[in-house]
Amino acid sequence: MHKTSGLLEPTPTIQFNDTETAFSGKTNRELRWEYWLFRLMNNPALTNIFSWLAQFSIRLRLPVKWLIKRTVYKQFCGGETLEETVAVLHKLEQFHVGAIIDYGVEGKETEKDFEKTKNELIRIIRFAADKKNIPFISCKITGLTSFALLEKLNLDVLLREDEAAEKEKLYRRMREIVNAASEAGIGLFIDAEESWIQDAIDEVTFVMMREFNKTKAVVYSTPQLYRHDRFAFCKKSLGDAMEHNYVLGLKPVRGAYMEKERKRAAVNKYASPIQPDKDSTDRDYDTTLLFCLDHIDKISFCAATHNEQSSLFLADEMHKRQIPHHHPHVSFSQLYGMSDQVTYNLAKAGYNVAKYLPYGPVKDVIPYLIRRAQENTSVSGQMSRELNLIYKEMKRRGI
Ligand SMILES: Cc1cc2nc3c(=O)[nH]c(=O)nc-3n(C[C@H](O)[C@H](O)[C@H](O)COP(=O)(O)OP(=O)(O)OC[C@H]3O[C@@H](n4cnc5c(N)ncnc54)[C@H](O)[C@@H]3O)c2cc1C
């Protein structure tokens, strides 16, 4: 049990150590293959070499695409095109697992690219509209405007004429996307990014929520609980929803840019926005989940985490409060290719759960794949969490 849940007795709703359920979608051959892949990723030296090779080979146009596509890409991505994700979607559906489609292309900076991303997001929404298991799609604001503009907006200073026009274009693009999502009945997760552009992201998110979340949550904002000010931000967000009479959409995460945040704060000599330690992040994460449950009529939320304690804490808490497992305002999510023990066991127990499923050309999703490989590498020579579970299931099957 988590520290924050210490006052309550655990309810045995689900067991995340049930590897039989976790890997029920995998044949012996697939499991063995996954074991070798995670074993390779478990080695920090190999992961570093892979990260370096992947970046440079793609830049130098060396013929390594086939190798990446058959290994890490296959593990963590749905396909190169939207249509290629269909096979994965069907497989997830068999186990009552949904998908959150993510156009995984990163690091684009031209007007042409921003328009392309907007059009692709609208295409995903229309594609998702007639599929049973795509409740949400996700979107990065940095895919729709320049990083420089977001940095300027964050400073809240007077904009030049060209910057004001660029801001206008961002809001127009967002309105088109959210309008399509609203018509299709699909939720739109707006990813959280670096703190020095996050106020600008929050501002556009609030504007869209006030307009489109009147009767149900279409737009979801992402609080990163590794920031010490984000629980207060969640309370402020609920205040805004009450004042403007809309349903607040939240996708609480712990946060993905910790090293970068701390380094920038140290170099520029300002107080780090990050919590002092992991326990503080965990405490605020679980407190936020409780806060969402306390206001379940006004908040629709998705616990986007691989953390077993937090997932179990939320599942147990819902169970104790007699909130139906499939309540439309509560869902869980993990990244595709990771933490199947959480996803498949929650799905079996009837909770709303979806895999975050990126797709895109191999060369454009390399940064995403490198982050996944690095996350799954061993720290202090220990087996990674995934490798341990796969090994356990192989032993159970006797293979
Ligand atoms: C579906 C989904 C969507 C996501 N969307 C976003 C997004 O929009 N924006 C984003 O930034 N991230 C996003 N993430 C990533 C997320 O923020 C985490 O990096 C990742 O999920 C690991 O955290 P965890 O809760 O799964 O579990 P854990 O493995 O328990 O937690 C690891 C996290 O704890 C925090 N942490 C670790 N050490 C410390 C420390 N010493 N002090 C303080 N905090 C610490 C860090 O945030 C670290 O990533 C998403 C993740 C998922 C599953």
Side-chain angles (χ1 to χ4, degrees), residues 2-4 16 76 78 92 97-104 106 134-143 187-198 201-202 205 219-231 233 249-263 265 272-289 301-314 331-343 346 352-358 367-368 371-372 374-380 382 384-386 388:
H2 240 204
K3 287 182 182 140
T4 45
F16 289 140
F76 299 114
L92 293 173
V97 176
I100 298 162
I101 305 266
D102 171 55
Y103 179 49
E106 294 186 18
I134 312 179
F136 308 105
I137 76 155
S138 89
C139 140
K140 270 197 167 52
I141 299 293
T142 43
L188 180 76
F189 288 167
I190 304 199
D191 283 355
E193 306 188 50
E194 292 87 345
S195 61
W196 52 101
I197 58 166
Q198 192 58 41
I201 295 173
D202 292 336
T205 309
V219 180
Y220 288 70
S221 123
T222 303
Q224 297 157 309
L225 280 310
Y226 69 3
R227 280 182 58 172
H228 52 66
D229 64 350
R230 289 292 102 169
F231 179 54
F233 170 82
L250 287 181
K251 181 195 73 171
V253 298
R254 280 183 168 75
Y257 307 92
M258 188 173 74
E259 302 302 336
K260 206 171 168 184
E261 290 282 356
R262 283 187 168 152
K263 204 166 158 191
S272 170
I274 304 299
Q275 305 265 18
D277 48 41
K278 174 83 162 56
D279 280 353
S280 310
T281 301
D282 290 345
R283 179 204 59 222
D284 276 11
Y285 192 84
D286 287 359
T287 307
T288 302
L289 298 181
F301 71 106
C302 173
T305 180
H306 302 118
N307 185 296
E308 293 185 14
Q309 284 94 335
S310 290
S311 304
L312 197 59
F313 176 55
L314 175 57
S331 51
F332 298 75
S333 179
Q334 292 76 42
L335 304 183
Y336 180 69
M338 285 173 69
S339 295
D340 285 348
Q341 81 284 10
V342 176
T343 313
L346 283 169
N352 298 320
V353 57
K355 284 291 199 195
Y356 181 95
L357 183 68
Y368 180 85
R371 285 203 295 278
R372 296 295 79 80
Q374 285 172 345
E375 232 167 62
N376 283 290
T377 205
S378 103
V379 185
S380 68
Q382 297 274 314
S384 75
R385 185 158 55 177
E386 304 293 331
N388 240 320

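The structure displayed is predicted, hence computed values, not measured ones. In listed order, ligands and their atoms are each counted from 1.
For atom 47 (O) of ligand 1, the closest non-hydrogen atom on the protein side is Gly255 O, 2.6 Å. Nearest protein heavy-atom neighbour of atom 36 (N) of ligand 1: Lys278 CD, 3.5 Å. Shortest contact from atom 5 (N) of ligand 1 to any protein heavy atom: Lys251 NZ, 3.0 Å.
Below 4.0 Å from some heavy atom of Ser333 lie the following atoms of ligand 1, by number and element: 1 (C), 53 (C). Proximity to Tyr226 (heavy-atom distance under 4.0 Å) selects the following atoms of ligand 1: 47 (O). Under a 4.0 Å criterion applied to the non-hydrogen atoms of Leu335, ligand 1 contributes the atoms 2 (C), 52 (C), 53 (C). Every atom of ligand 1 is numbered from 1 in the order shown, and the set under 4.0 Å from a heavy atom of His306 is 21 (O), 24 (P), 26 (O), 53 (C). Near Ala192, the atoms of ligand 1 lying under 4.0 angstrom from a non-hydrogen atom of the residue are 7 (C), 8 (O), 9 (N), 10 (C), 11 (O).
Distance check on atom 20 (C) of ligand 1: every protein heavy atom falls at or beyond the 4.0 Å cut-off. For atom 32 (C) of ligand 1, the nearest protein heavy atom is under 4.0 Å away.
The structure places CZ of Phe189 at 4.0 Å from SG of Cys302, a figure rounded to the nearest 0.5 Å.
The pair Asp102-Lys140 does not meet the salt-bridge criterion, since no charged nitrogen lies less than 4.0 angstrom from a carboxylate oxygen. Between Arg227 and Asp284 no salt bridge is recorded (no basic side-chain N to carboxylate O distance below 4.0 Å).
Between Tyr356 and ligand 1, a contact under 3.5 Å exists for no N or O pair. Note: no N/O pair closer than 3.5 Å links Ile274 and ligand 1 by distance alone. Not a single N or O atom of Thr222, backbone or side chain, sits closer than 3.5 Å to an N or O atom of ligand 1.
Checked against Leu225 for a side chain to side chain contact (heavy atoms under 4.5 Å, CB included), the options Ser310, Ser280, Pro252 give a single hit: Pro252.
Residue contacts with ligand 1 for Thr281 involve side-chain atoms from C-beta outward but no N, CA, C or O (heavy atoms, distance under 4.0 Å). Under 4.0 Å from ligand 1, heavy atoms of Thr305 appear from its side chain as well as its backbone. Of all the heavy atoms of Arg262, the ones lying under 4.0 Å from any atom of ligand 1 belong exclusively to the side chain.
Checking Thr343 against Gln334 by side-chain atom types alone, a donor-acceptor pair falls below 3.5 Å.
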